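Structure, as structure tokens:
In this text the structure is predicted, and so the values were computed from the model without any measurement. Just so it is clear, the values below take in all heavy atoms, side chains as well, and ignore hydrogens, waters and symmetry mates.
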Amino acid sequence: MKTNSTSIALFFCVCCLIGCNKNMPLSGKVTFADDNTPVPCGMIYFDNGQQVGRGNIQPDGNYTIGFEKTANGIPAGEYKVYFSNVVEAVENKAANNITKISSFGDGASIRPLIDKKYDQAETTDIHFKFDGSTNKFDIKLARIKN
């Protein structure tokens, strides 16, 4: 009997360990802190130091995270959250104080909507501990004033 109870306990420990590495769904909404309007574009990244989960920010500010493909989730862990391509197109004629990143052929430029500290895992101050107890993480970002 002692052998059976030890085997059962070992089996459950192994199952728990395997389950801990399972990807779990994560989604949320990214909005501007000043007026709660959605951040309309860009990519969001969740970096745990070994892997980077990513997702597209939709025009309504919603996102879903995945590793190999969008929406397949991420494992439990601690993450640094950062962004790319959170920009808007502006016409050069009306853009006196714009930080140019690049130009389009139609005479428009793009400008960042959020501070560049959110461009990299090393500089972001957004951290998220994901344990699977909730699968939603909403984020408010300060808008760059132009």
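- Hydrophobic clustering, with ILVMFWY side chains joined whenever heavy atoms are under 4.5 angstrom apart, groups Val81 together with Val30.
- Note on Phe128: it does not cluster hydrophobically with Val52, by side-chain heavy-atom contacts below 4.5 Å among ILVMFWY residues.
- One distance of note links NZ of Lys117 with CD1 of Ile126; it measures 8.0 Å at 0.5 Å rounding.
- With rounding to the nearest 0.5 angstrom, the NZ atom of Lys80 is 11.0 Å from the CG atom of Asp125.
- Using a 4.5 Å heavy-atom cutoff, the side chains of Arg111 and Glu88 are in contact.
- No donor-acceptor pair closer than 3.5 Å links the side chain of Asn56 to the backbone N or O of Gln58.
- Counting all heavy atoms, side chain and backbone alike, Pro25 lies closest to Phe130 at O-CZ, 3.6 Å.
- Ion pairing between a basic and an acidic side chain is recognised when a charged N comes within 4.0 Å of a carboxylate O; Asp138 and Lys136 show such pairing.
- Val87 places none of its side-chain heavy atoms less than 4.5 Å from the side chain of Leu113.
- Atoms OG1 and CG, on Thr31 and Asp60 in that order, are 11.5 Å from each other to the nearest 0.5 Å.
- Phe137 contributes atom CZ, which lies 8.0 Å from atom CG of Leu26 (distance to the nearest 0.5 angstrom).
- No donor-acceptor contact under 3.5 angstrom links the side chains of Ser27 and Tyr63, judged on distance only.
- Using cut-offs of 30° and 60° for the angle between ring planes, the Phe83 and Tyr118 rings count as perpendicular.
- Hydrophobic clustering of Ile, Leu, Val, Met, Phe, Trp and Tyr side chains at less than 4.5 Å, counting indirect connections, keeps Ile114 apart from Tyr45.
- Side-chain contact between Pro75 and Asn23 is present, with heavy atoms from C-beta onward closer than 4.5 Å.
- Shortest non-hydrogen contact noted between Pro38 and Gly61 is CB-N, 3.6 Å.
- Using a 4.5 Å heavy-atom cutoff, the side chains of Ile139 and Lys29 are not in contact.
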For this session: Take Asp35 and Arg143 through the side chain to side chain contact (heavy atoms under 4.5 Å, CB included) test and state the conclusion after the steps.
Result: CA-CA 10 Å; Asp35 63 2; Arg143 182 192 316 257; 3.0 Å; yes
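- For the atom pair OH of Tyr82 and CD of Glu122, the computed distance is 7.5 Å after rounding to the nearest 0.5 Å.
- With hydrogens and angles left out, the side-chain atoms of Lys140 and Asn36 include a donor and acceptor closer than 3.5 Å.
- Arg54 contributes atom CZ, which lies 12.0 Å from atom CG of Asp47 (distance to the nearest 0.5 angstrom).
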